[in-house]
Amino acid sequence: MALASSPADLRRHLTTHLDPAALAWLEHALDEAAAHPGIHGPISAWELRLAEAGRRCGAAYADAARVLILDAARAGTDALTRVYFQGTADERRAVLHALPHLVSGPGALPLVEDALRTNDTRLLAAAVGPYAARHLAPHDWRHAVLKCLFTGVPVDRVADLPRRARGDGELARMLGDYAAERTAAGRTVPEDLYRVLDLTESAGPAPGTDHPHGKES
């Protein structure tokens with residue numbers, strides 16, 4: 001199941017896939033997080049559960065379990081920032097997946113921007129989810145798309161790609177430059193590049209319609 005799904009859908013999915021012991025642990029962790037939300041002292045009880053999720057739920061379901069714990073704890077930007085910068089790569093990824101559910105405005109963009117500076121492909125894939133689609137400025141979003149191409153992250157992981165790429169002439173120029181550089185160096189051009197390029201050539205916003213992400217300075 002896609003981690004961009006709603007917490008309710010994630011919980012239903014885990015309820016039907018976890019074994020009884022793992023499900024009992026998760027239910028206890030969620031109840032604990034809901035009873036003691038937010039940050040408490042050097043480390044909150046629910047933060048400890050984030051670290052246990054891989055062992056308790058298994059690698060296939062740990063990310064979803066962590067997203068649910070963060071949601072149950074009603075983790076705000078400060079708590080998410082603490083978990084992100086103090087946590088493991090797995091916990092950082094969970095924070096990025098949880099952002100669209102927990103942060104309504106652009107206040108958590110520094111976490112996305114930090115992830116986009118890495119070469120960890122799983123972290124990059126989480127960083128270009130729905131939260132980035134809503135809040136990244138055009139310049140930063142274009143570079144995020146190129147970073148996916150550089151590192152081999154499938155562009156299918158870029159949330160809302162068709163809408164944001166539509167009619168984007170600057171992105172088309174950047175893609176063309178990248179393709180030319182690779183061709184000149186005797187390297188293959190990723191098929192995903194042509195997919196995105198096709199999207200940029202689709203019709204742009206109707207005349208008089210403001211770009212949803214504002215003008216680029």
Side-chain angles (χ1 to χ4, degrees), residues 1-6 9 63 67 77 80-81 84 89 92-217:
M1 163 167 280
L3 288 165
S5 302
S6 71
D9 286 341
D63 280 359
V67 170
T77 303
L80 292 167
T81 299
Y84 181 89
R92 291 184 174 202
R93 194 168 59 249
V95 167
L96 294 169
H97 285 306
L99 289 180
H101 308 305
L102 295 170
V103 183
S104 59
L109 275 177
L111 308 185
V112 173
E113 291 162 353
D114 180 84
L116 291 173
R117 288 192 288 269
T118 76
N119 288 313
D120 180 333
T121 54
R122 295 183 71 193
L123 204 60
L124 288 170
V128 291
Y131 187 81
R134 293 176 198 162
H135 299 295
L136 268 183
H139 175 81
D140 295 328
W141 184 82
R142 293 176 189 125
H143 281 279
V145 173
L146 285 176
K147 185 69 176 277
C148 289
L149 294 172
F150 296 157
T151 57
V153 172
V155 295
D156 287 342
R157 302 300 298 272
V158 181
D160 214 5
L161 177 65
R163 179 183 65 82
R164 290 215 58 173
R166 185 179 301 119
D168 190 335
E170 178 60 15
L171 178 59
R173 182 195 65 76
M174 294 168 69
L175 293 169
D177 288 348
Y178 178 50
E181 289 172 8
R182 290 188 67 89
T183 301
R187 304 176 69 186
T188 59
V189 177
E191 286 297 320
D192 270 357
L193 184 146
Y194 296 113
R195 290 181 56 200
V196 181
L197 194 58
D198 285 345
L199 291 173
T200 67
E201 293 171 355
S202 57
T209 301
D210 291 336
H211 191 286
H213 298 277
K215 295 180 180 178
E216 185 179 2
S217 59

Which donor-acceptor pairs under 3.5 Å do side chains of residues 94-116 form with protein atoms, sequence neighbours excluded?
| residue | atom | partner | partner atom | Å |
| --- | --- | --- | --- | --- |
| His101 | NE2 | Ser5 | O | 3.2 |
| Asp114 | OD2 | Tyr84 | OH | 2.7 |

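The shortest distance between side-chain heavy atoms of Glu201 and Leu197 falls below 4.5 Å. For the pair Leu193 and Arg182, the minimum side-chain heavy-atom distance is 4.5 Å or more.
Rounded to the nearest 0.5 angstrom, Tyr194 OH and Leu199 CG are separated by 15.0 Å. The distance from the CG atom of Asp156 to the CG atom of Leu161 is 8.5 Å, given to the nearest 0.5 Å.
Using a distance-only test at 3.5 Å, with no hydrogens or angles considered, no donor-acceptor pair links the side chain of Asp160 to the main chain of Ala133. A donor-acceptor distance shorter than 3.5 angstrom exists from the side chain of Lys147 to the backbone of Thr118, with no hydrogens or angles considered.
Scanning both residues, Cys148 and Val158, for their nearest heavy atoms gives SG-CG2, 4.0 Å. Residues Arg93 and Leu123 approach most closely at N-CD1, 3.7 Å, considering heavy atoms.
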Take Leu175 and Leu149 through the test side-chain contact (heavy atoms from CB on, under 4.5 Å) and record every step on the way to the result. CA-CA 10 Å; Leu175 293 169; Leu149 294 172; 3.5 Å; yes
Pair Arg195, Asp198 - check salt bridge (charged side-chain N to carboxylate O under 4.0 Å, His left out), show working. CA-CA 5 Å; Arg195 290 181 56 200; Asp198 285 345; over 6 Å; no
Do Arg157 and Leu124 pass the side-chain contact (heavy atoms from CB on, under 4.5 Å) test, and can you show the C-alpha distance, the side-chain angles, and the key distance before you say yes or no? CA-CA 9 Å; Arg157 302 300 298 272; Leu124 288 170; over 6 Å; no
Would you check, one step at a time, whether the test side-chain contact (heavy atoms from CB on, under 4.5 Å) holds for Val145 with Met174? CA-CA 10 Å; Val145 173; Met174 294 168 69; over 6 Å; no
